[in-house]
Amino acid sequence: MSVPILVSAAWPYANAEIHVGNLTGSYLPADIFARYQRLKGNQVLMVSGSDSHGTPITVRADAEGTTPLAVYQRFHEGFIDLFQQLGLNYDLFTSTHTQNHQKVSQSVFLALKKNGYLYTESQMQWYAPSQNRFLPDRYVEGTCYICGYENARSDQCDKCGNLLEADRLINPKSKIDCSTPELRSTEHFYIDLARLQDHVVDFLKIRDSYWRPNVMRQSLGQILAEKLHGRAITRDLDWGIPLPEEVMEEGKEWETKRLYVWFEAVIGYLSASIEWGKLAGNPEAWRTWWQNPESRTYYFIGKDNIPFHAVIWPAELIGAGKAFDEVMGDANPQPLVLPYDVPANEFMNLEGQKISGSRNWAVWARDFLTRYDPDALRYYLTVNMPESKDTDWDWDEFYHRNNDELVATWGNLANRVLSFCNKYWEGQVPDPGELTDLDTDLLKIIEEGFETVGDLIDAVKLRAAAAEAMRLASEVNKYLDMTAPWQQVKTDKPAAARAIFTALKAIDSLKILFAPFLPFTCDRLHGYMGYDGSLFGTQTTEILTDELGQHKVLRYDPTGATGKWEPSKLKAGDPLRQPVALFKKLDVSIVEEERARLGNK
RNA sequence: GGCGAGGUAGCUCAACGGUGGAGCAGUGGACUCAUAAGCCAUUGGAUGUGGGUUCAAAUCCCACCCUCGCCA
C-alpha cells in the first residue's frame with residue numbers, strides 16, 4: 001500500500017545565505033525523510049521555495065542600492081546551487097514571486113473572505129507625503145519622548161527599551177529621505193483567528209499524543225494561555241502580492257496594499273504543489289496530497305516558525321476549506337488536508353555561541369562544501385540534529401565523527417570486504433555453500449534493521465535512526481573478527497568464501513539503510529557492488545517564465561531510481577567493481593584552521 | 001527585569017516515575033583483510049544545590065545557584 005506523503009520544508013528567506021544551522025533545522029531532515037519514503041515506495045511530494053517578499057528584503061535592497069527583485073533572485077539562485085550540491089531532492093523548489101503563487105494566495109484570501117473569516121479595521125501609520133506612501137515602522141526614526149535618545153525607532157527605543165506610541169515620537173524623520181512623515185489612518189484586512197480558535201484547538205488536541213512536546217507547548221499551550229486574536233494580513237508596501245482584483249474594485253485604497261508576508265509565505269506549500277502538478281503535465285495531481293484523507297503532510301521547520309505552521313497555517317486551511325476550490329472554479333469542491341505532523345527542530349549553536357550571520361559566527365554551507373564532501377556534512381548534521389533541544393556544532397567533534405565513525409566504522413567496512421573479495425575471488429561474489437548459524441544470525445540482525453531504522457525514520461527520530469544503522473555496521477565488523485576470513489583463506493577457503501559472501505550481503509543491505517542519510521556515497525557503493533543505475537532519481541533546474549518575469553526552479557526526476565527499502569538480493573557469481581574509499585579522512589589541523597575563520601569578516 | 005530552554009562519566013549526548021546508558025577519549029590485550037581502520041576487555045557518575053510528593057525521583061512539585069537564548 002502506497003501512502004501519499006507531502007514533505008514540506010521551510011521556505012528560506014531570500015535575504016541571507018544558508019548556514020549549517022538552517023540545514024539541520026529543516027531542509028536536511030526533510031530530505032532524509034523524503035528519501036526514505038521514496039525507497040519505501042510511497043507517493044512522495046517534497047516542495048518548498050524561496051520566501052521572496054517582505055520588508056527585510058526591501059531594506060536590504062535599499063541598503064545595496066538595488067531592487068528587491070534583484071536581492072531575492074541572487075539568494076534564490078544560491079539556494080538552488082546549494083541544494084543541488086547537497087543532494088536535497090525537492091520535487092519542486094520554487095519561489096513565492098510567481099504568478100501561480102500569487103493566484104493561489106489570492107484564492108485563499110478570497111476563500112477566507114467568502115467564509116466570513118476576514119474583517120477590516122483602521123490603524124494609524126506614518127505616511128511620507130514626499131513619496132506618497134506609508135512607511136513601515138522601522139523606516140521612521142525620531143527622538144524618544146521618554147529618554148531623549150535621538151535615533152529611536154517609531155515603535156520602540158533601542159536606548160531605554162520602551163515600546164513607543166508612534167504618534168508621540170518627537171521630530172519623526174523618514175530613514176529614506178529624511179523628510180518629515182505624518183500620521184494617517186490606513187485600513188487593513190484582518191484574519192479572524194478568534195473565531196477560528198475552537199477549530200484550531202480541536203485540530204491540535206487530536207495530534208497531542210504524537211507531536212513533539214515543544215511544538216505542542218508553543219501551539220496548544222500558547223492558545224490556551226493567551227487566546228487567539230485577529231491579525232492584520234495586509235500592509236502598505238509595494239513589494240509583495242497585491243490584493244485580489246475583486247477587492248481592489250471595492251475601493252481605490254486597496255491598490256497600494258500587499259498581502260503580509262507571514263500570511264502568504266505558508267500558502268507556498270499549497271501553491272508549489274499546484275505548480276509542480278502543472279509542470280508534470282497533471283494539473284489535478286496536487287489533490288492526491290491536499291484533498292485525500294489518507295494523505296499525510298509533514299512540515300519540517302525550525303522552532304522559530306512553530307506558531308505559523310502549527311496554528312496560523314492550519315487556521316488558514318480550516319478557514320478556507322471547500323471555498324478554496326470554489327474560488328479556483330472547481331465543480332466538486334473539497335476541503336484541504338490539515339498538517340499531520342510538524343516535527344520542528346530546535347537550534348544548532350556554533351562552538352558554544354549562537355550562530356550570527358552579521359558577526360560571521362557561522363559555518364556557511366556553500367563555503368563548507370568547497371573544502372569537504374556533502375555526505376560528511378549530512379552525517380554530522382544528522383547525528384547532532386537538534387531534535388529535542390539545542391545542540392552545538394563543534395569542529396573537533398566534526399573531525400572525530402568523520403574519522404571515527406564515517407571513515408573507520410562504515411567506510412572502512414565496505415572497503416576492507418570489497419578489497420579482500422577482489423583479491424581472492426577476482427571481483428565476483430563468492431559461492432558460500434551452506435550458511436552456518438553465525439552467518440544467518442548476522443543477516444537476520446541486518447534485515448531487522450529495515451524495520452527498526454525504518455520505524456525510527458517514520459517517527460522522525462533521525463539521529464537515533466542513523467545511530468542504529470551505524471550500530472549495525474559495527475555488528476558486521478564484529479562478525480568479520482569472529483570469522484577472520486583472512487586466516488580462513490589460507491587453510492579453509494570455502495569457509496572464507498562463506499564469511500565474505502555474508503559480509504557482502506550485509507553491506508549491500510546497509511547501503512540502503514544509510515542511503516537516506518548518505519545518498520552520494522551509498523550510490524557510489526551501489527556501483528562498487530556491481531549494480532548499474534542509481535538508487536535515486538536526478539535533480540534538474542529549469543527557468544520558467546510567467547507574467548511576473550522569470551524564476552529558476554529545482555526539480556526531481558524519479559526516472560531511473562532503482563533503490564528499494566528491502567534486504568540485499570546479492571548472489572554468488574555477481575560481478576563486483578574495484579572500490580575507492582568512500583570517505584576522506586581529515587587531518588586534525590582542520591579543527592584550528594576552521595576555528596580561526598570564525599568571527600572574521 | 002520578564003519569558004523560555006538547559007545543567008547527567010574527561011567530551012558530545014540518551015534515558016523523562018520502576019536496577020543511571022551510548023559513542024568518543026583513557027587503560028590493558030589478541031589480530032592484520034582494510035583509509036595505522038576493525039575486534040575483545042576495562043577504568044570513569046552524591047544525574048547543579050536544598051527541600052517536598054511517592055512503595056519508588058535524573059525523571060513530578062517548590063526554592064535557590066549557574067549557563068544559553070528570546071523579549072525588554
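Residue numbers start from 1 in every chain, and the chains themselves are labelled A, B, ... in the order their sequence lines are given, proteins ahead of strands.
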Colleague: For the side chain of A/S509 and the backbone of A/S568, is there at least one donor-acceptor N/O pair under 3.5 Å apart?
Modeller: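 Indeed, once roles are kept as given, a pair shorter than 3.5 Å links the two residues.
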Colleague: Once you round it to whole Å, what is the distance between C1' of B/C31 and OH of A/Y479?
Modeller: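 Rounding to the nearest Å, OH of A/Y479 and C1' of B/C31 are 17 Å apart.
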Colleague: Would you say the rings of A/F583 and A/Y379 are close, in the sense that their centroids are separated by under 6.0 Å?
Modeller: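 No, too far apart.
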Colleague: Between the side chains of A/E593 and A/R597, is the shortest nitrogen-to-carboxylate-oxygen separation below 4.0 Å, so that they form an ion pair?
Modeller: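 No, no charged N to carboxylate O under 4.0 Å.
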Colleague: How long is the line joining CG of A/L525 and C1' of B/U35, in whole Å?
Modeller: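 Going from CG in A/L525 over to C1' in B/U35 covers 15 Å.
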Colleague: Does a side-chain N-to-carboxylate-O contact under 4.0 Å join A/D532 and A/R577?
Modeller: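 Looking at A/R577 together with A/D532, the answer is yes, because their closest N to O distance falls below 4.0 Å.
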Colleague: Which residue lies toward the 5' end of RNA chain B, A/F347 or A/K490, if each is placed at its nearest nucleotide?
Modeller: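 The residue mapped nearer the 5' terminus is A/K490.
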Colleague: Any Lys/Arg nitrogen of A/D481 or A/K478 sitting under 4.0 Å from an Asp/Glu carboxylate oxygen of the other?
Modeller: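 Salt bridge: no.
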Colleague: Can you classify the ring geometry of A/W395 versus A/W393 as parallel (below 30°), tilted (30 to 60°) or perpendicular (above 60°)?
Modeller: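 Geometry flag for A/W393 against A/W395: perpendicular rings.
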Colleague: Please check if the distance between the ring centroids of A/Y340 and A/Y298 is under 6.0 Å.
Modeller: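 Distance test on ring centres: under 6.0 Å, yes.
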Colleague: Which label fits B/G44, syn or anti, where anti is any glycosidic angle not within 90° of 0?
Modeller: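 Syn, since the glycosidic angle lies within 90° of 0.
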Colleague: Mind checking the P distance from B/G21 to B/G44? Whole angstroms is fine.
Modeller: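 The same atom, P, in both gives a distance of 14 Å.
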Colleague: Would you give a per-nucleotide map of nucleotides 36-45 of chain B, 5' to 3', where B means the base has a protein non-hydrogen atom under 4.0 Å away, S means only the sugar-phosphate does, and - means neither?
Modeller: -SBSS-----
Colleague: For A/L480 and B/A30, what is the distance between atoms CG and P respectively, to the nearest whole Å?
Modeller: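 Roughly 21 Å, once rounded to whole Å.
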Colleague: Taking only side-chain nitrogens and oxygens of A/Q487, does any of them come within less than 4.0 Å of OP1 or OP2 of B/U32?
Modeller: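 True: A/Q487 side-chain N/O within range (under 4.0 Å) of B/U32 OP1/OP2.
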Colleague: Does B/A46 count as syn, meaning its glycosidic angle lies within 90° of 0, or as anti?
Modeller: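 Chi for B/A46 falls in the syn range.
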Colleague: Expressed as a whole number of angstroms, how long is the span from A/R212:CZ to B/G4:P?
Modeller: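 Spelled out: CZ on A/R212 to P on B/G4 is 21 Å.
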Colleague: Determine whether A/L525 and A/W410 satisfy the following criterion, side chain to side chain contact (heavy atoms under 4.5 Å, CB included), listing intermediate values before the conclusion.
Modeller: CA-CA 11 Å; A/L525 179 57; A/W410 167 232; 3.6 Å; yes
Colleague: Measuring centre to centre across the rings, with the benzene-like ring taken for any Trp, is A/F398 within less than 6.0 Å of A/F368?
Modeller: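 Close enough - the centres of the two rings lie under 6.0 Å apart.
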Colleague: Could you check how far OH of A/Y379 sits from P of B/C24, rounded to whole Å?
Modeller: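 To the nearest whole Å, that distance equals 10 Å.
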Colleague: Strictly by modelled atom types, are A/D508 and A/Y531 linked by a side-chain donor-acceptor pair under 3.5 Å?
Modeller: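 Short answer, yes.
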Colleague: Between B/U19 and B/G45, how far apart are the C1' atoms? Round to whole Å, please.
Modeller: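 Looking at atom C1' only, B/G45 and B/U19 are 15 Å apart.
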Colleague: Whole angstrom is fine here: how far is it from OH in A/Y399 over to C1' in B/U35?
Modeller: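 After rounding, the gap between these two atoms is 13 Å.
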Colleague: Applying a 4.0 Å non-hydrogen cut-off, can you work out what A/I500 is touching in the nucleic acid: base, sugar-phosphate, or nothing?
Modeller: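 No contact.
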Colleague: Could you state the OH-P distance from A/Y424 to B/C33, rounded to the nearest angstrom?
Modeller: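 About 6 Å, once rounded to whole Å.
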Colleague: For RNA chain B, write out the stems as range with range, using runs of 3 or more consecutive Watson-Crick or G-U pairs with both distances under 3.5 Å.
Modeller: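 So the stems come out as B:1-7 with B:65-71, B:10-13 with B:21-24, B:26-29 with B:39-42, B:48-52 with B:60-64.
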Colleague: Do A/D439 and A/T436 pair up side chain to side chain, a donor and an acceptor below 3.5 Å, judged on atom types alone?
Modeller: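 Side chains of A/D439 and A/T436: pair found under 3.5 Å.
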Colleague: Just checking, is any N or O donor in the side chain of A/D458 or A/Q37 under 3.5 Å from an acceptor N or O on the other one?
Modeller: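 A donor-acceptor contact under 3.5 Å links the two side chains.
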Colleague: Figure out the CG/C1' separation between A/L504 and B/C33, and round it to whole Å.
Modeller: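 In whole Å, B/C33 C1' lies 12 Å from A/L504 CG.
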Colleague: Looking only at atom C1', what distance separates B/A58 and B/G1, rounded to whole Å?
Modeller: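 Straight-line distance between the two C1' atoms is 31 Å.
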Colleague: Below 4.0 angstrom, N of the basic side chain to O of the carboxylate: do A/R595 and A/D394 qualify?
Modeller: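 Counted as a salt bridge, because a side-chain N and a carboxylate O are separated by less than 4.0 Å.
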Colleague: Using the P atom as the point on both nucleotides, what is the distance between B/A25 and B/C16, in whole Å?
Modeller: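 B/C16 and B/A25 have their P atoms separated by 27 Å.
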Colleague: By the 4.0 Å heavy-atom rule, please label A/F583 as base, sugar-phosphate, or nothing.
Modeller: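 Base, at least one base atom sits under 4.0 Å.
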Colleague: Protein within reach of the bases, or only the backbone? For nucleotides 5-16 of chain B, mark each nucleotide 5' to 3' as B, S or -, using heavy atoms under 4.0 Å.
Modeller: SSS----SSS--
